[in-house]
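Counting convention: from 1, in listed order, for ligands and their atoms alike. Since we're looking at a predicted model, the values are computed, not measured.
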Amino acid sequence: MRSCGHVQSTIPSLLQSLFSASFTQVAGFDVQADISRSKVAEYQCNSALRLAKQMGIKPFEIAQKVVAQIKDSDLISKLEVAGPGFINITINPKYLSASVNKQLQSPTLGIDGGKQLRIIIDFSSPNTAKEMHVGHLRSTIIGDSLARTFEFLGHDVVRLNHIGDWGTAFGMLIAHIKSQEDFSLQKIEQSNLQELMRLYKESKKRFDEDPFFKKQSQMEVVALQGGDETSRKIWESICTISRNAYQEIYEMLGVHIQERGESFYNPYLSSVVQELEQKGLVTVSDGAKCIFVEGFENRDGEKMPLIVQKSDGGFNYDTTDMAAIFHRIRDEKADWLVYVTDMGQALHFDMIFKAAEKAKVLDLEKTRVDHVPFGLVLGSDGKKFKTRSGDTEKLVDLLNEAVERAEAILQTRNPDWPEAERKKIAHILGLGAVKYADLSCHRGGDYTFSYDRMLRFEGNTAAFIMYSYVRTQSIKRKIGTKYKLDELKVTSLVEPNERALALQLAQFPEAIEAAAQELLPNRLTEYLYSLSEQFNLFFRDCRVEGDPNESSRLALVEATGRVLKQGLSLLGIDVPERM
Ligand code: ARG
């Protein structure tokens with residue numbers, strides 16, 4: 001992960017050295033976790049309170065002794081003891097202006113250095129011939145944002161769509177399609193997703209009720225795997241129809257992702273099972289080949305297996321994910337594997353990771369693996385959100401409705417705008433609102449879908465951040481022509497809300513790294529929200545145009561605009577130039 005001289009990482013090392021210089025006992029003690037931003041000071045350190053007990057000295061005395069050690073520092077201009085022994089930290093304004101100026105001069109806004117990693121991120125991943133539901137929409141939005149963040153940090157990112165396009169379900173569906181009276185390849189080619197979903201439901205019913213059809217379906221899987229031409233062609237049509245449906249959603253959302261569905265791993269499945277057997281990891285239980293990993297028991301204390309081959313010889317979701325993790329580590333040579341799915345699959349991934357470790361393919365010293373779970377999307381009734389008819393078209397409608405509502409809001413606010421512009425900005429605002437509402441909630445929790453809330457212009461919303469951005473641009477438009485924008489520099493930080501804005505800007509790299517490391521896009525939205533609020537306070541208190549520090553203040557405005565725009569783009573959100 002890239003890193004540089006961030007405020008939040010540079011302060012601890014300085015304070016650490018002050019502590020060690022004051023007390024020899026504190027060697028090995030880490031102050032990092034004790035330093036945070038605070039309302040009363042720019043930063044605050046509470047290590048003295050933590051150390052007091054262990055050292056048998058009053059926290060106030062510890063803090064005093066540490067504070068006395070500070071000499072001229074580029075980073076810290078003042079240390080003060082507060083309350084029972086807090087150390088209040090004031091950052092040197094020179095440090096702040098230098099860090100904003102560095103941002104202004106760099107295309108990556110001051111983020112540099114660090115080791116490039118190869119990261120495979122598996123997200124979106126809907127299932128062929130089935131509805132793409134809001135859970136997949138969440139995965140798509142979160143996954144895309146994480147991928148963008150990794151890319152911005154300079155990593156080599158592979159975005160994979162692990163589509164459910166293989167398995168027993170297809171045997172069922174294909175057998176059913178073939179048995180239709182008016183079946184023809186051409187007919188199926190010209191079919192649509194609704195039709196496929198209808199056939200799918202019918203086939204499922206037959207499969208559950210009719211043993212003969214069940215047998216046929218199983219034979220159909222064999223035919224498909226064996227390369228039977230008609231079966232293959234039907235399968236391809238099913239995939240194409242489904243692909244076109246979700247492609248429409250990706251296009252609307254501006255999401256790029258490479259399709260590498262479950263079928264891709266088909267040729268590897270049997271050798272993966274063989275390898276697991278050779279390594280002595282497989283136990284046959286009720287005819288199924290299972291891997292038992294320690295620590296996975298059900299409520300009755302029985303060990304839970306990862307089934308890699310069913311008793312009928314077929315492979316399943318687990319087998320495919322074993323093959324996928326092997327492939328991603330060995331062939332793709334990934335340094336970091338990320339899987340974005342709903343929380344319901346946490347156990348599945350835990351077991352896959354443990355099994356891959358047992359097989360000695362995954363070495364956690366070399367490869368980082370993360371399942372990135374998220375909660376449900378809820379409707380206003382507090383129940384699991386459902387699009388009206390629950391099919392794919394409705395998921396597009398859900399996005400379209402956000403755009404339409406955004407357009408209505410813009411129409412009221414700016415009735416005189418030309419239609420083309422209104423439509424363009426409505427698109428940015430509507431889709432931005434949907435994405436931002438999702439990403440700004442901690443993904444671990446459930447999130448309630450509400451058009452009204454997501455389209456508000458106040459609070460932690462896309463519109464508020466966009467509005468702040470637009471404000472930076474209008475200031476620039478007014479006076480920017482006087483200056484060469486790429487030569488602007490912050491030269492003076494006097495007003496409290498001017499300093500505070502510079503400090504907020506200097507924290508951008510930290511926010512991005514937190515989002516990437518913790519896989520939490522809401523770290524970034526929280527940052528952008530604070531930055532926007534801080535910018536508005538600056539705007540209230542600090543005149544830009546005509547001020548003696550006009551150019552320095554304009555530099556802050558310019559940096560704010562660039563950071564907001566870049567930050568939103570890491571969330572997959574565009575910015576309007578006016579609003
Ligand atoms: N298709 C699955 C679903 O809809 C998600 C796949 C996630 N990725 C994976 N490698 N298992 O639930």
At less than 4.0 angstrom from any atom of ligand 1, which residues have a non-hydrogen atom? List them by chain and residue number.
D122, S125, N127, H136, H162, Y317, D321, Y339, T341, Q345, F349

Are D452 and R405 close enough for a salt bridge, meaning some N to O gap below 4.0 Å?
yes

Sorted by first residue and then second, give each salt bridge (Lys or Arg N to Asp or Glu O under 4.0 Å) pair with at least one member in residues 432-447; sequence neighbours left out.
R138-D438

Not counting sequence neighbours, which residues clear side-chain contact (heavy atoms from CB on, under 4.5 Å) with R118? List them please.
D156, V158, E332, D335

List for me each residue that meets side-chain contact (heavy atoms from CB on, under 4.5 Å) alongside R456, sequence neighbours excluded, and say none if there are none.
R453, T461

Does this structure show an ion pair linking K354 with D350, if we count only N-O contacts that are shorter than 4.0 Å?
no

Would you call R232 and E229 a salt bridge, using N to O less than 4.0 angstrom?
no

